[in-house]
Amino acid sequence: YRTEYLYLTHPDVPDENEQYSTYKTIIAASPNRNITIRTLDIGGDKTVPYLGHRHQEANPFMGWRSIRLSFEHPDFFNTQIRAIIRAASDSPNSNVRMMFPMVTTVEEIRRLRGMVRRAYKSLEEQGLMTTRVPMGMMLEVPAAAVTIHTMLDIVDFVSIGSNDLVQYLMAADRDNPKVSHLCQPLSPAVLHVLYSVITACNKARKPVTVCGEMAGQPKSFLLLLGMGLRSFSMSPAFVPSIKQLASRITITEAEQIFDKVIKFKTTGQVKRFMTNKLMELAPHLAMLDTSS
């Protein structure tokens, strides 16, 4: 659940009880399901004046946004953390997780841990029952990808935000037509970074998911499967075709495909090889893959 939509439709910061009620409603609508609530991810193309977004940043996607903004508003951030913990603690039949966007450094994760500990303490001092809520991070910043092995003993799970990770890694705004051609999920640089992150998470036995457009693209799916990824987050519209593709390939075959592709030096080589492989496995799905 992307909590920024609650803030974007509100004239000011929603109070704790309103947030608690919203999160409870979402959890109640998903009994016995895994529910991940992402803390406020405002900034870039989404702004709210009541949190100080009154000036135009030169590079908003690389500026004061997401967890960086939340740190500068500790009171409202604490309110959100408390509301999530309360809603999760009152929903014993669901597995609720809390995820923090745009984490960059180990220091940020430690700071988040401290804020969550203080939220638990304040709720317990009020006599409220609490249950442990797993804490995860969105991996969107290359610095976090490079140092992921230092973070895995602090976080409970990782979600790789492929859209932002690709554009940050390639230093190219995907919405800028002059440079958007560089934002290629099948770039060897992107594949190497993803492989290192997924391998580190699997070795540490920490759940890892890839979300964003990449997870729902057939060619990318085959490569991610071959890297060792087992959890994919995508638009519901892509689920049937990806399930169909998954039924037509074994893990061993996906690993063999990836072992071949990771040796390629150019995006063109990767695309041509994967186009041929997809045509062999599921010709009708090749037309749906917009990474071509």
Side-chain angles (χ1 to χ4, degrees), residues 44 59 61-62 102 138-148 158-202 208-235 237-238 241-242 244-246 248-249 251-292:
N59 296 293
F61 281 95
M62 299 180 70
M102 207 178 179
M138 284 287 294
L139 193 149
E140 304 155 274
V141 183
V146 171
T147 59
I148 186 62
V158 175
S159 180
I160 302 172
S162 62
N163 291 351
D164 276 343
L165 179 61
V166 169
Q167 73 169 350
Y168 290 142
L169 188 63
M170 305 306 290
D173 183 353
R174 63 180 183 268
D175 294 324
N176 183 342
K178 295 289 188 181
V179 296
S180 60
H181 65 280
L182 292 169
C183 291
Q184 297 286 346
L186 297 182
S187 160
V190 173
L191 298 179
H192 277 277
V193 169
L194 288 172
Y195 179 52
S196 67
V197 172
I198 292 167
T199 300
C201 291
N202 287 340
V208 56
T209 301
V210 167
C211 60
E213 295 176 9
M214 189 175 185
Q217 299 292 343
K219 296 188 190 74
S220 300
F221 169 80
L222 292 173
L223 291 173
L224 291 168
L225 189 66
M227 291 182 201
L229 189 72
R230 299 294 179 264
S231 179
F232 300 77
S233 176
M234 66 190 72
S235 167
F238 296 125
S241 59
I242 294 298
Q244 186 179 34
L245 179 59
R248 297 189 176 196
I249 191 167
I251 295 296
T252 299
E253 289 169 339
E255 290 172 345
Q256 290 170 347
I257 291 172
F258 176 73
D259 289 343
K260 177 83 171 179
V261 166
I262 199 64
K263 297 180 177 69
F264 293 154
K265 296 180 180 180
T266 70
T267 305
Q269 286 177 298
V270 176
K271 285 187 172 183
R272 285 190 294 273
F273 182 83
M274 292 310 300
T275 295
N276 291 334
K277 280 296 175 185
L278 191 58
M279 287 297 292
E280 292 174 13
L281 291 166
H284 62 290
L285 293 182
M287 295 183 294
L288 301 176
D289 198 324
T290 59
S291 63
S292 299

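All figures in this text were calculated on a predicted structure; none of them were measured in a lab.
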| task | Report yes if the side chains of P218 and F221 come closer than 4.5 Å at any heavy-atom pair, otherwise no. | result | no
| Are Q269 and T266 linked by a side-chain donor-acceptor pair shorter than 3.5 Å? | yes
| field | Pairing of K178 and D173 as salt bridge, 4.0 angstrom limit | value | no
| request: Answer whether the closest heavy-atom distance between the side chains of V208 and I160 falls below 4.5 Å. | output: yes
| note | Closest heavy-atom pair, I249 versus L222, reported as atoms and distance to 0.1 Å, is CD1-CD2, 3.7 Å
| task | Search all heavy atoms of A145 against all heavy atoms of L139 and return the closest pair with its distance. | result | CB-CD2, 3.7 Å
| request: Evaluate the side-chain contact (heavy atoms from CB on, under 4.5 Å) criterion for residues M274 and I257: first the C-alpha distance (whole Å), next the side-chain angles of each, then the deciding distance (0.1 Å), finally the verdict. | output: CA-CA 8 Å; M274 292 310 300; I257 291 172; 3.7 Å; yes
| message | Which heavy atom of L224 sits nearest to which heavy atom of F232, and what is that distance? | response | CB-CE2, 3.6 Å
| Y195 OH: over 12 foreign heavy atoms closer than 6.0 Å | no
| request: Check L229 against I198 and note the closest heavy-atom contact, atom names and distance. | output: N-CG2, 3.8 Å
| task | Give, for atom CG of N176 and atom NE2 of H181, the distance between the pair rounded to the nearest 0.5 Å. | result | 10.0 Å
| note | From the list D164, L169, N163, side chain to side chain contact (heavy atoms under 4.5 Å, CB included) with Q167 holds only for D164
| message | Can you tell me how far apart CE (M279) and CG (L285) are? Round to the nearest 0.5 Å. | response | 10.5 Å
| said: What I want to check is whether the side chains of Q256 and D259 have a donor and an acceptor closer together than 3.5 Å. | reply: no
| query | Run the side-chain contact (heavy atoms from CB on, under 4.5 Å) check on S220 and L186 step by step: do they pass? | reply | CA-CA 7 Å; S220 300; L186 297 182; 3.7 Å; yes
| message | Please evaluate residues M214 and L165 with respect to the criterion side-chain contact (heavy atoms from CB on, under 4.5 Å), reporting the C-alpha separation (whole Å), side-chain torsions for both, the decisive distance (0.1 Å), and the verdict. | response | CA-CA 11 Å; M214 189 175 185; L165 179 61; over 6 Å; no
| message | The test is side-chain contact (heavy atoms from CB on, under 4.5 Å); show your working for L223 and I262 and say whether it passes. | response | CA-CA 9 Å; L223 291 173; I262 199 64; over 6 Å; no
| said: So which atom in C211 and which in S159 form the shortest heavy-atom distance, rounded to 0.1 Å? | reply: SG-OG, 3.6 Å
| Closest non-hydrogen atom pair between Y168 and V141, with its separation | CD1-CA, 4.5 Å
